[in-house]
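Being a predicted model, the structure only gives us computed values, none of them experimental. Letters A, B, ... mirror the listed sequences (proteins, then strands); counts begin at 1.
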2 protein chains.
Amino acid sequence: MPSRPLNATAASLLGFLHEGPMSGWDLVATAQSRIGDFWSLTQSQVYRELAAMAADGLVEAQERGRRDRRPYAITDAGRAAFTAWVSREPEPETIRFPLLLTIMFGRHVPADQLATVVARHRQAHAARLAAYEQIDAELPPGAAEAEPYAVATLAFGLAYERAMLAWFDDLPPAIAGG
Amino acid sequence: MPSRPLNATAASLLGFLHEGPMSGWDLVATAQSRIGDFWSLTQSQVYRELAAMAADGLVEAQERGRRDRRPYAITDAGRAAFTAWVSREPEPETIRFPLLLTIMFGRHVPADQLATVVARHRQAHAARLAAYEQIDAELPPGAAEAEPYAVATLAFGLAYERAMLAWFDDLPPAIAGG
DNA sequence: TGGTACATGTAACATGTTACATGATTAG
DNA sequence: CTAATCATGTAACATGTTACATGTACCA
């Protein structure tokens, strides 16, 4: 039954299932909106992890509901596995940033093209920052005390995107264009 | 021969091979030191990609040297594939940050334990920032003009780590501890 | 009644990780 | 002579990605 240690994706699903039974579909939406900015996952993965966790007794499929939805409920074993997971030392983050590869190999790219690419990415980051700032601005008063955890992850997004923009704006003309 | 489009890892190896033939061992070391901070790869992967690229005619194994080392040289086809790759639109970065998951699910973690974990990660980021700052301080004069691309990736590391530290220092007591 | 959103799931494949086996060369 | 380092490679598995197949229910 207890096959392998939980991976972070499966553990996150268990984390959300603490709030009540949810279907794979729900979990995808929940995860993408709540942790999607620093932990990506796909539909396929969610169904795979749910099936594996059901086999391991960490979750239990419930009766099918409307539109064939199949909610899963966390079990006691699931709660125990989640607690063990969340108490371990988190691994260091990994960043995979293709734009930096393009820049690192920038001498193989025509200067105007590199500048265009960089400008497009800067724009994407500006848009994401604006989205975070809007969420931040619309936070109800007292959110920082009521939901410090979610607010801290939003703060991360803000800090990250602001740093990215500052970095973009500091790039030399050889990269960002004249 | 031309099986699938290049992935970023394989393309990076081709990028380095522009500087001359290198063995898998050399490439691992080169990649880890030059792009390791924003593009991770392992030994296994390098040997696998080299074998695949050799099969596709993008690189050519040369005679074995000392200690059985087997240098690979980039071919014209390899140069063409690299140029095509480096000219495409880079994909958005992915960040996978387990500590943020721990924080997001922080209500399931004892407060003092969460604070300890956070402090340990802050320390790790401080150390990385210090390392980047030292590299930065030791940059020879004129490096910004001579090697704008590598300097820009260093600037990214500096901006990122500084933002992380600022974020850590702004965490509320509920997370960072009283 | 037909399109769209909801919902589950499989298959195939690409990529990433860990562990191991093997041998060559060098330094002490 | 032996330990450490250099160097290549395989095997097994975990994770991530893309594409597809299927069916349900709502709503215009």
Side-chain angles (χ1 to χ4, degrees), chain A residues 2-13 21-33 35-36 38-56 59-72 85 91-98 101, chain B residues 2-13 21-33 35-36 38-56 59-72 85 91-98 101:
Chain A
S3 49
R4 47 197 159 181
L6 277 185
N7 63 47
T9 299
S12 298
L13 300 181
M22 274 191 267
S23 66
W25 186 265
D26 293 335
L27 283 166
V28 171
T30 300
Q32 282 177 350
S33 94
I35 60 176
F38 49 88
W39 199 268
S40 70
L41 40 65
T42 63
Q43 223 187 31
S44 274
Q45 248 178 305
V46 168
Y47 286 111
R48 183 158 69 192
E49 296 297 348
L50 281 175
M53 289 196 291
D56 286 353
V59 298
E60 252 175 10
Q62 302 187 310
E63 276 175 33
R64 295 218 180 234
R66 296 213 277 150
R67 284 189 179 197
D68 258 13
R69 56 189 291 111
R70 181 195 286 273
Y72 285 85
W85 176 83
E91 278 159 35
E93 78 268 29
T94 59
I95 298 182
R96 306 203 107 206
F97 208 149
L101 293 177
Chain B
S3 50
R4 45 198 159 179
L6 276 186
N7 63 49
T9 299
S12 299
L13 300 181
M22 275 192 267
S23 65
W25 185 266
D26 293 335
L27 283 166
V28 170
T30 300
Q32 281 177 353
S33 94
I35 60 176
F38 48 88
W39 198 266
S40 70
L41 39 65
T42 64
Q43 225 186 28
S44 273
Q45 247 178 307
V46 168
Y47 286 111
R48 183 160 68 192
E49 296 296 349
L50 282 174
M53 289 196 291
D56 286 354
V59 297
E60 250 173 12
Q62 301 189 310
E63 277 174 32
R64 295 221 179 229
R66 295 211 278 150
R67 285 191 178 197
D68 259 14
R69 54 189 292 109
R70 180 197 287 273
Y72 285 85
W85 176 82
E91 277 159 34
E93 79 268 30
T94 60
I95 298 182
R96 305 202 108 205
F97 208 150
L101 292 177

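The interatomic distance linking A/Arg64 (CZ) with C/dG9 (P) rounds to 5 Å, in whole Å. C/dT15 atom C1' lies 14 Å from atom CG of B/Leu13, rounded to whole Å. In this entry the distance linking CD of B/Gln32 with C1' of C/dT17 reads 13 Å, nearest Å. Distance B/Leu27 CG to D/dG9 P: 12 Å, rounded to the nearest Å. We find that CE of B/Met22 is positioned 17 Å from C1' of D/dT8, with the value rounded to whole Å. Residue B/Glu49 contributes atom CD, which lies 16 Å from atom C1' of D/dT8 at whole-angstrom precision. Counting to the nearest Å, the C1' atom of C/dT10 and the CD atom of A/Gln45 are 15 Å from each other. Rounded to whole Å, the distance from CH2 on A/Trp25 to C1' on C/dC6 is 5 Å.
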- For nucleotides 20-28 of chain C, just jot down a letter per nucleotide in 5' to 3' order: B, S or -, based on protein non-hydrogen atoms under 4.0 Å. ----SBS--
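Side chains of A/Gln43 and A/Val46 form no contact here, defined as non-hydrogen atoms less than 4.5 Å apart. Side-chain atoms of A/Gln62 and A/Pro21, non-hydrogen and from C-beta on, do get closer than 4.5 Å to each other. By the 4.5 Å heavy-atom criterion applied to side chains, B/Trp85 and A/Leu101 are counted as neighbours.
When the nearest nucleotides of DNA chain D are assigned to B/Arg48 and B/Thr94 by heavy-atom distance, the more 5′-ward of the two goes with B/Arg48.
Under a cut-off of 6.0 angstrom, the local environment of CD in B/Glu93 is crowded, with over 12 non-hydrogen atoms contributed by other residues, nucleotides or ligands.
Listed pair B/Tyr47 / D/dT8 meets the phosphate criterion, a side-chain N or O lying under 4.0 Å from OP1 or OP2. For A/Arg70 and C/dG9, the shortest distance from a side-chain N or O to OP1 or OP2 is below 4.0 Å.
Using a 3.5 Å distance cut-off with no hydrogens or angles, the side chains of B/Trp39 and B/Ser12 do not pair a donor with an acceptor.
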- Would you please test A/Leu41 and A/Gln32 for side-chain contact (heavy atoms from CB on, under 4.5 Å) and show each step? CA-CA 7 Å; A/Leu41 40 65; A/Gln32 282 177 350; 4.3 Å; yes
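For B/Ser44 against D/dT10, a side-chain-to-base donor-acceptor contact under 3.5 Å is present.
Of the candidate nucleotides D/dA7, D/dT15, C/dT17, C/dT17 has the atom nearest to the side chain of B/Ser40.
When each of B/Arg64, B/Arg70, B/Arg66 is checked for a side-chain contact (heavy atoms from CB on, under 4.5 Å) with B/Asp68, only B/Arg64 meets the rule.
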